[in-house]
Amino acid sequence: MSEGTTKQFLYVNRKAPHGTVYALESLEVVLIGAAFEQDVRLAFLDDGVFQLMKGQDTTGIGTKNFAPTYKALGDYDVNKIYVEKESLDERGLTEDDLMPLTYEDEDDDWAEKSSIKIVSRAEMADLIDSSDVMFNF
Amino acid sequence: MSEGTTKQFLYVNRKAPHGTVYALESLEVVLIGAAFEQDVRLAFLDDGVFQLMKGQDTTGIGTKNFAPTYKALGDYDVNKIYVEKESLDERGLTEDDLMPLTYEDEDDDWAEKSSIKIVSRAEMADLIDSSDVMFNF
Amino acid sequence: MKFAIQINEGPYTHEASDSAYMFTKAVIEGGHEVTRVFFYHDGVNNGTRLTTPPQDDRHVVNRWAELAKENDLDLVLCVAAAQRRGIADADESKRNGKDADNIQEGFRISGLGQLIEAGIQADRLVVFGD
Amino acid sequence: MKFAIQINEGPYTHEASDSAYMFTKAVIEGGHEVTRVFFYHDGVNNGTRLTTPPQDDRHVVNRWAELAKENDLDLVLCVAAAQRRGIADADESKRNGKDADNIQEGFRISGLGQLIEAGIQADRLVVFGD
Amino acid sequence: MAILHTVNKSPFDKNSLERAIGCAKDGSAVLLIEDGVYGALKGASSSSMVEDAMKTVKVYALSEDVSARGVNERVMDGIELVDYAGFVKLAADHSQVQSWL
Amino acid sequence: MAILHTVNKSPFDKNSLERAIGCAKDGSAVLLIEDGVYGALKGASSSSMVEDAMKTVKVYALSEDVSARGVNERVMDGIELVDYAGFVKLAADHSQVQSWL
């Protein structure tokens, strides 16, 4: 593939936040990567779905609370966020437990739309299969 | 507990060898610890049972093969080695798959005896419960 | 009561060093004694003075050093682990023919015997790691 | 074919750096190109020249540096990860007011953009870690 | 005095919680810390295992880690939240601490 | 071209192998490396999951890691051993490499 073309990027987020640094680092790469104008998709599966939980408050553990940053992803044109349903189910969670992540659709008179799409494990497999580069976190 | 007394040491080995350094480090601590004249017991459970597999050969991965060192434990008076049966079963292993580890019993005319005792999960729980210090690897 | 603390992971990747720090502080505030903090495996990476975390983040290394200074803690880096991971004091650096050292003041490098001794002397050995 | 390699773990604790080294060597021997080796998270700890492993053990850091020299590899340490973990070159050390640096010759420090660029330019990005 | 078992791994990722429970004798305690606090979730695939354990073992979760992860409202009934001072007290009140890393 | 999935964790310790298999579409490949090679064991609690997967997915194990762990004799039929050169070839012959860390 030549350098001028656009690649399908997939950020694969499988780790819980706070216990390890990977969730924070993934956000960092996504934000920096937004400048590279690739086709960016974010996948949250396994314990990665916990990254999007509402109401995270890291005051007690003394680390930076990066959860609000997810809400800024829409402003960076990162609005294809796939969350695996089986992973939510296993953890007793539903989409209502996750932070609402939205973007303004320029093709639809800047209507505010949800960036989150709940997908099945089979769709997650398709997503991985159709990506050019996977960044694993 | 005053410093003069003897403590029940338990080395809890739960990690597979080679993928991480913990198995090697545990051996190191056991050998150094032998000089401290405490009552030493080694527990192998979960993937820790793989540490005692026969026929390990690390030539291909370029690391030191420390498996033969387990056979020297008897010479350091480390001869209480407990391997959890449920962990072996889950992995399709039996005691025959493990290196024979032996010691010479000074109370029995230096007869060569096996250091390995296969124990149940319940006995493993008792072992942990009756220890004064657990070193976790 | 006497507590010994063992830390198996370096700063920032795992929560282990943060948890150990907060636990150690709570032990002291609870009126107990911390006989030793032993940094083992990747844990030795807590003892380098070359870290520069972002301004808005905690400084894991300095935080340990300050807690040690205020409470006269014994922060020990395992020597074998430190050698493999490039943590050296002036002596180690000289002995191994290196042109620099990187240990943070407040930490010292010593052998695994210090961990075993800690296990014997302390009433509780609490391990933090991955 | 162009390969980029990412390494998330430091030397000696996890097999990741060993596996990555052997894979990188095999890529080169297979007639392919290694466009970049990116050391991320604890992986930056592969780039310190202060390590002194036991005589009978492999020298993970030197092995990378030699492979890079022989094959003109681009070994990049993530700057943000390096700052948090105390890996510094002369420039970084000076900028952050440190009195020493510890980077091994053959490695360079740069930003996360280098990882993204590697992902774009390479045909395969292969990650080794915990 | 019985043992205090600490678990710092998510039960959906690793087997540490299952192992800690398997080795926790009647009357001992399990403290969930770091990513281990996800083991406190109700309505999850791990919940029935933890509920069963709670018949013979006391289960705690570290409040600082629970809050960090935003799961306060989802902690199952019967699990007691403790802060770091409580963690120290638990460690002191039990015979020894076994960390299931 | 399908994906090459690599797994470096023991299936008795973590869920990586299960996840890799769950996301491995028909015709793709799974390569077991490092502690992941324990997933190649026959007669283990993980064996039936791997056997099932092998109906639609090709499974490989890295010979250097298999030998290091002394499990050569216990690798189940149908799993092909490859060396590092083979690993590179698999990576080149598939569309991309997904590492289930």
Side-chain angles (χ1 to χ4, degrees), chain B residues 12-27 43-71 83-101 116 120-121 124 136-137, chain F residues 6-18 20 31-52 54 59-88 99-101:
Chain B
V12 182
N13 298 289
R14 296 182 57 232
K15 305 254 167 68
H18 314 304
T20 54
V21 80
Y22 303 108
L24 170 61
E25 291 283 357
S26 179
L27 254 184
F44 292 88
L45 57 160
D46 296 341
D47 280 348
V49 302
F50 285 131
Q51 296 180 25
L52 303 180
M53 284 290 288
K54 281 177 185 163
Q56 299 176 52
D57 176 2
T58 57
T59 316
I61 60 171
T63 60
K64 199 172 139 182
N65 191 3
F66 53 92
T69 310
Y70 291 101
K71 295 181 184 164
V83 178
E84 195 192 70
K85 185 173 187 309
E86 285 85 344
S87 296
L88 289 174
D89 289 348
E90 197 185 349
R91 289 158 184 80
L93 304 178
T94 66
E95 189 172 354
D96 288 344
D97 295 304
L98 308 182
M99 295 181 279
L101 304 183
I116 295 182
S120 69
R121 186 156 297 186
M124 188 59 80
N136 277 276
F137 290 94
Chain F
T6 67
V7 175
N8 76 333
K9 294 295 184 312
S10 159
F12 311 109
D13 185 43
K14 285 202 62 166
N15 67 0
S16 315
L17 177 57
E18 193 189 335
L31 170 63
L32 308 172
I33 69 168
E34 301 179 358
D35 287 344
V37 300
Y38 291 120
L41 294 189
K42 59 186 168 193
S45 60
S46 53
S47 305
S48 64
M49 173 181 75
V50 178
E51 273 163 24
D52 274 355
M54 284 163 64
V59 179
Y60 302 85
L62 192 65
S63 56
E64 285 87 341
D65 281 319
V66 168
S67 298
R69 288 156 182 83
V71 293
N72 302 60
E73 304 296 315
R74 307 199 64 83
V75 171
M76 62 173 73
D77 292 342
I79 292 185
E80 191 179 323
L81 297 188
V82 296
D83 60 10
Y84 271 98
F87 182 176
V88 171
S99 307
W100 296 88
L101 301 175

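Chain naming here is simple, since letters A, B, ... match the order of the sequence lines and numbering starts at 1 in each. A quick note: this is a predicted structure, and the numbers were derived from the prediction, not measured.
Relative to the six-membered ring of F12(F), R91(B) meets both conditions, a distance below 6.0 Å and an angle of at most 45° to the axis.
Proximity to chain F is absent for every atom of N65(B), based on heavy atoms less than 4.5 angstrom apart. In this structure, chain F has no heavy atom under 4.5 Å from any part of D46(B).
Among the candidates K54(B), Q51(B), Q56(B), the residue making the largest number of heavy-atom pairs closer than 4.5 Å to chain F is Q56(B). Looking only at heavy-atom pairs under 4.5 Å with chain F, the residue among D97(B), T20(B), T63(B) that has the most is D97(B).
The heavy-atom pair separating M76(F) from E51(F) by the smallest distance is SD-CG, 4.0 Å.
One distance of note links CG of L52(B) with CG of N13(B); it measures 8.0 Å at 0.5 Å rounding.
Between D13(F) and R14(B) no salt bridge is recorded (no basic side-chain N to carboxylate O distance below 4.0 Å).
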